[in-house]
Amino acid sequence: CVIGAGPSGMSTLGMFNKLRDQGEECEVTCFEKQEVPGGLWNLTWKTGTDEFGEPVHCSQYRDLFSNGPKECLEFPEYTFLDHFGKNIPACPPREVLLDYLKGYWKFLGVKNEDILTRHIVRNVSFDEKTATFTVKVENLERGTDFKQEFDRLIVASGHFSVPNMPDFEGIGKFDGRVMHSHDLRNAREFAGQRILIIGASFSAEDVALQMFKFGAELITVSYRTNKMGFKWPEKIHEVPLLTNIEGKTCHFKDGSSGDYDAIILCTGYKHHFPFMPSELTLPNGNLFNLPNLYRNLQWHGVTDGKTDASGRLFYLGMQNQFYTYTMFMMQALWTASVIKGLHQTPDREECVKDIEKMHAENADMTSVRKMVVGQTAYVLQLAADLGYTENLDCSEVFRKWEEDKIDNILTYRDQTYKSLHTNEESPVYPVPWLNCFDDSFDGYIGQLN
């Protein structure tokens with residue numbers, strides 16, 4: 001059973017297809033609560049709850065362009081050149097990347113009809129005697145539910161859809177709009193306004209740039225620990241953490257204050273698995289190396305209150321990320337190989353030792369460079385486990401990307417990078433990102449033509 005049909009879940013279905021082509025049969029069922037596969041890459045205008053009363057999964061917004069080089073996302077066996085018939089610029093918009101994903105899934109033989117969409121998992125239980133999972137599912141369109149038993153369970157439902165919502169003194173009486181970036185859909189609505197952004201990671205960075213691009217009057221970014229420290233344009237500046245609010249006036253830890261029209265919380269997301277029993281639920285925490293998961297994938301109940309599931313439970317794509325598509329691909333191949341007995345994991349004692357060792361390494365990941373090096377080592381470890389020989393090391397591409405951001409945060413998306421798999425340098429898009437107001441597939445690809 002696979003829960004979720006975003007990039008991780010779809011890669012998992014594809015890897016089982018690949019093993020099936022090699023003679024390794026496996027019956028797989030995938031449940032997805034959205035109307036179509038795609039996970040967060042499916043943009044919707046909806047916020048809050050959908051027509052079924054379910055929380056809206058989408059955390060993306062209009063005019064979203066990749067904030068990292070596509071060369072770090074590229075599948076070795078299905079390149080951007082393979083998909084588009086030509087090379088494309090390094091940081092394309094959402095629709096273009098989703099089209100590439102769909103092409104990859106088709107390449108792997110995954111069809112939309114392979115997924116039970118509009119089916120939401122309500123409850124999972126594990127029988128220790130039979131070592132099987134009972135999964136209760138609701139068909140949202142029919143309003144009916146059913147139960148089904150499975151030998152293995154793969155949770156690939158993502159962890160960027162349930163907002164982390166901090167509280168600040170006076171925020172409930174703020175004389176303006178308060179929202180989490182999860183509900184941001186269009187930066188254009190904030191043109192001419194004074195915006196306060198809470199946060200200092202990738203969401204805060206990109207939302208600040210979106211507000212600048214679409215004409216906000218002033219953007220203040222409030223950080224908890226450290227500044228992002230880029231060479232911001234005049235309209236963007238950073239201040240220490242918000243302490244309290246009076247009317248429209250926001251006060252900060254350094255004694256400064258300012259009046260704002262809107263507050264956008266870019267404060268991250270929570271791991272949320274309401275369908276899982278507590279003893280098998282992955283604890284909250286956006287870490288690079290997670291507790292209870294061998295290779296950040298296979299469940300072993302290590303922390304307080306957690307129990308084992310006979311090595312039959314897997315969580316995919318749940319850690320903090322620099323690598324995405326290719327990491328999900330390797331996680332999916334690793335998981336499918338373990339389930340089919342093609343890769344043998346160590347005994348529980350050795351797995352637990354490795355989990356604890358990797359978890360301790362989080363403390364050393366104190367800079368972007370160290371995070372990239374650490375996650376590169378992780379991806380290459382998965383490859384080594386399976387004898388996978390294609391080059392997955394994007395650390396030098398990430399290094400150049402970080403240097404380009406430090407050099408000019410407004411133009412890093414206009415830079416070029418070399419593909420690991422075609423050896424071609426990405427072309428420059430005819431319109432600089434700051435002046436590109438058409439994020440549609442047709443509009444973007446049309447400019448290239």
Side-chain angles (χ1 to χ4, degrees), residues 3-4 6-9 39-41 55 57-60 64 66-68 72-73 155-167 180-184 197-208 221-228 241 264-274 276 278 280-299 302-303 306 314-328 330-331 355-379 382 398 402:
I3 301 175
S8 289
L40 286 179
W41 292 92
H57 191 73
C58 177
S59 294
Q60 298 201 6
L64 186 147
S66 177
N67 65 346
C72 297
L73 310 172
V155 181
S157 53
H159 65 111
F160 293 116
S161 63
V162 177
N164 177 49
M165 302 287 282
D167 195 17
H180 193 278
S181 59
H182 172 69
D183 294 321
L184 176 65
I197 294 171
I198 310 295
S201 192
F202 294 114
S203 290
E205 171 196 313
D206 199 57
V207 170
V221 182
S222 176
Y223 59 90
R224 181 176 57 183
T225 307
N226 297 307
K227 291 182 178 182
M228 289 182 276
L241 190 61
I264 302 176
L265 303 171
C266 295
T267 47
Y269 294 87
K270 291 184 174 181
H271 289 79
H272 188 62
F273 312 102
M276 292 296 290
S278 60
L280 299 178
T281 298
L282 184 66
N284 185 53
N286 192 29
L287 305 171
F288 283 94
N289 296 305
L290 298 166
N292 302 291
L293 294 180
Y294 176 67
R295 293 289 193 260
N296 286 313
L297 294 167
Q298 187 180 39
W299 176 268
V302 176
T303 55
K306 306 303 178 183
F314 301 84
Y315 284 87
L316 266 65
M318 297 302 174
Q319 70 267 66
N320 202 349
Q321 297 158 7
F322 278 90
Y323 288 81
T324 52
Y325 295 176
T326 53
M327 182 171 73
F328 304 153
M330 288 309 304
Q331 290 184 326
I355 291 169
E356 293 173 343
K357 172 181 172 291
M358 294 297 292
H359 189 257
E361 290 180 5
N362 288 316
D364 296 326
M365 296 189 180
T366 54
S367 67
V368 169
R369 186 62 181 158
K370 288 181 178 180
M371 293 172 191
V372 168
V373 168
Q375 193 149 80
T376 299
Y378 166 70
V379 172
L382 295 180
F398 279 122
E402 182 63 15

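Residue numbers count from 1 along this sequence.
When side chains are defined from C-beta on, Tyr269 counts as touching His182, because their heavy atoms get closer than 4.5 Å. When side chains are defined from C-beta on, Glu356 counts as touching Val302, because their heavy atoms get closer than 4.5 Å. Counting heavy atoms from C-beta on, the side chains of Phe322 and Val368 come closer than 4.5 Å. Side-chain contact between Tyr378 and Met327: present, with at least one pair of heavy atoms (C-beta onward) separated by less than 4.5 Å. Counting only heavy atoms from C-beta outward, the side chains of Met318 and Val155 approach each other to under 4.5 Å. Side-chain atoms of Thr376 and Tyr323, non-hydrogen and from C-beta on, do get closer than 4.5 Å to each other. Between Leu293 and Ile355, every side-chain heavy-atom pair lies at or beyond the 4.5 Å cut-off. Annotation: side chain of Pro163 is not in contact with side chain of Leu265 (no heavy-atom distance under 4.5 Å).
Lys306 contributes a side-chain N or O that, together with a main-chain N or O of Ser278, makes up a donor-acceptor pair within less than 3.5 Å. Side-chain N or O atoms of Ser367 include one that pairs as donor or acceptor with a backbone N or O of Lys370 at under 3.5 Å. Under a 3.5 Å cut-off, the side chain of Ser66 and the backbone N or O of Gly68 do form a donor-acceptor pair. Counting only distance, with no hydrogens or angles, the side chain of Ser8 and the backbone of Phe328 share no donor-acceptor pair below 3.5 Å. Checking side-chain atoms of His272 against main-chain N and O of Gly158 turns up no donor-acceptor pair under 3.5 Å.
The NE2 atom of His180 sits 6.0 Å away from atom CG of Asn164, with the distance rounded to the nearest 0.5 Å. Atom CG of Leu297 and atom CG of Leu382 lie 6.0 Å apart (nearest 0.5 Å). In this structure, Asn320 CG and Leu290 CG are separated by 9.0 Å, a value rounded to the nearest 0.5 Å. In this structure, Leu64 CG and Asp206 CG are separated by 6.0 Å, a value rounded to the nearest 0.5 Å. Note that CG of Asn292 and CD of Gln298 are 12.5 Å apart. Values are rounded to the nearest 0.5 Å. Atom CZ in Phe202 sits 7.0 Å away from atom CG in Asn67 (nearest 0.5 Å).
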Decide yes or no on side-chain contact (heavy atoms from CB on, under 4.5 Å) for Leu287 and His359, but give the supporting numbers first. CA-CA 8 Å; Leu287 305 171; His359 189 257; 3.6 Å; yes
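Classification of the His159-His271 ring pair by plane angle, with boundaries at 30° and 60°, yields parallel.
Pro283 approaches Thr303 most closely through the heavy-atom pair CG-OG1, 4.2 Å. Smallest separation of non-hydrogen atoms from Ala208 and Val221: CB-CG2, 4.0 Å. Heavy-atom minimum distance, Thr326 versus Cys72: OG1-O, 4.0 Å.
Counting only N and O atoms by type, the side chains of Gln331 and Tyr315 include no donor and acceptor under 3.5 Å apart.
Crowding of Arg369 atom CZ: a count of heavy atoms from other residues, nucleotides or ligands under 6.0 Å exceeding 12.
Tested against Leu40 for a side-chain contact (heavy atoms from CB on, under 4.5 Å), the candidates Cys58, Pro7, Ser59 yield a single pass: Ser59.
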